[in-house]
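Below is one structure; the comments refer to it alone.
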Amino acid sequence: VQLQASGGGLVQAGGSLRLSCAASGGTFSAYTMGWFRRAPGKEREFVAAIYPSGEEISYAHSVKGRFTIFRDNAKNTVYLQMNSLKSEDTAVYSCASVLLAHASPRDIFRSPSIYNYWGQGTLVTVSS
């Protein structure tokens, strides 16, 4: 499975961006998808995850209510709509996938170690 993230860029605080992650080489509709980010000098952190069905799994507390994850299985693409961006959202955003339709507890999808495939990342810079 290959993942290609895109849509990053420079945006002012309070603005919006939509990231895309296009998948190829596998049955996209069978994969749970996640978004992670890594800010300069920080550890990689979970942002959001979504089941193959389109059901949202969870969001990081820091982005809940501002970011929305959704997917289009017909287009083999998962998206991250980011609104009300803050300077602390500046990071390289990566998408990841794992061949699981469900798991319990849901919190396991917050861990990067469960994901098998990773995209290369796209840089989001939020200016204050």
#### Entry: Student check: side-chain heavy atoms of Met82 and Tyr93 closer than 4.5 Å
yes
### Task
Hey, can you tell me if Tyr115 and Phe36 have their rings parallel, tilted or perpendicular (30° and 60° cut-offs)?
perpendicular
### Query
Distance under 6.0 Å and angle within 45° of the ring axis: does Arg44 meet both against Trp118?
yes
### Message
Ring of Phe70, cation from Arg18 - is the NZ or CZ under 6.0 Å from the centre and inside 45° of the axis?
### Response
no
### Side-chain heavy atoms of Tyr59 within contact of Thr68, under 4.5 Å
yes
### Message
Within the structure provided, determine whether Glu45 and Arg110 are in side-chain contact (heavy-atom separation under 4.5 Å).
### Response
no
### Task
Identify whether the distance between the nearest side-chain nitrogen and carboxylate oxygen of Asp89 and Lys86 falls below 4.0 Å.
no
#### Entry: Nearest-0.5 Å distance, OG1 of residue Thr90 to NZ of residue Lys42
10.0 Å
### Message
If I take atom CD from residue Gln120 and atom SG from residue Cys95, how far apart are they, to the nearest 0.5 angstrom?
### Response
7.5 Å
### Message
Would you say Trp35 ends up clustered with Phe28 if hydrophobic residues are merged whenever their side chains have heavy atoms under 4.5 Å apart, either directly or through other cluster members?
### Response
yes
### Message
Tell me whether Val98 shares a hydrophobic cluster with Ile50, the cluster being built from Ile, Leu, Val, Met, Phe, Trp, Tyr side chains joined at under 4.5 Å.
### Response
no
### Task
Run through Val78, Asn76, Thr77 and flag the one making a side chain to side chain contact (heavy atoms under 4.5 Å, CB included) with Cys21.
Val78
### Message
Let me confirm one number: the CG-CD1 distance from Leu100 to Ile114, rounded to the nearest 0.5 Å.
### Response
5.5 Å
#### Entry: Close side-chain approach of Thr122 and Gln4, heavy atoms under 4.5 Å
no
### Query
Are Val1 and Leu99 grouped together when hydrophobic residues (ILVMFWY) are joined by side-chain heavy atoms under 4.5 angstrom apart?
yes
### Task
Indicate, with yes or no, if Ile57 and Met33 share a hydrophobic cluster defined by side-chain heavy-atom contacts under 4.5 Å among Ile, Leu, Val, Met, Phe, Trp and Tyr.
no
### Task
Output, in order, the C-alpha distance, side-chain angles, deciding distance and verdict of side chain to side chain contact (heavy atoms under 4.5 Å, CB included) for Leu17 and Val124.
CA-CA 9 Å; Leu17 277 177; Val124 173; 3.9 Å; yes
### Message
Show the nearest heavy-atom pair for residues Ala23 and Leu3, with the distance to one decimal.
### Response
CB-CD2, 3.6 Å
### Task
Taking all heavy atoms of Ile108 and all of Ala103, pick out the closest pair and write down the distance.
CD1-CB, 3.3 Å
### Message
Could you tell me if Thr27 and Ser29 have a donor-acceptor pair between their side chains, going purely by distance under 3.5 Å?
### Response
no
### Task
Please work out whether the ring planes of Tyr51 and His102 are parallel, tilted or perpendicular, with thresholds of 30° and 60°.
tilted
### Query
Which atom names give the shortest non-hydrogen contact between Ala101 and Pro52, and what distance separates them?
O-CD, 3.7 Å
### Query
Are Glu88 and Ser62 close enough, and set up right, to give a side chain to side chain contact (heavy atoms under 4.5 Å, CB included), and what steps lead you there?
CA-CA 9 Å; Glu88 52 263 44; Ser62 59; over 6 Å; no
### Message
Quick check: do Tyr79 and Leu19 have side-chain heavy atoms less than 4.5 Å from each other?
### Response
no
### Message
Using the rule given for side chain to side chain contact (heavy atoms under 4.5 Å, CB included), can you reason through Ile69 versus Glu56, listing the C-alpha separation, both sets of side-chain angles and the distance that settles it, and then say yes or no?
### Response
CA-CA 7 Å; Ile69 186 172; Glu56 298 171 344; 4.1 Å; yes
### Query
If you measure only the distance, is there a donor-acceptor pair under 3.5 Å linking the side chains of Ser16 and Asn83?
yes
### Message
With a 6.0 Å cut-off (strictly less than), is the heavy-atom count around CD of Glu55, excluding the residue itself, greater than 12?
### Response
yes
#### Entry: Nearest-0.5 Å distance, OG of residue Ser111 to CZ of residue Phe46
10.5 Å
### Task
Tell me whether Val92 is reachable from Leu80 by hopping between hydrophobic residues (I, L, V, M, F, W, Y) whose side-chain heavy atoms are closer than 4.5 Å.
no
### Task
Would you name the heavy atoms of Ser94 and Gly121 that are closest together and state the gap between them?
OG-CA, 3.5 Å
### Query
Can you check side chain to side chain contact (heavy atoms under 4.5 Å, CB included) on Ser24 and Gln2, steps first, answer last?
CA-CA 5 Å; Ser24 60; Gln2 291 80 45; 3.5 Å; yes
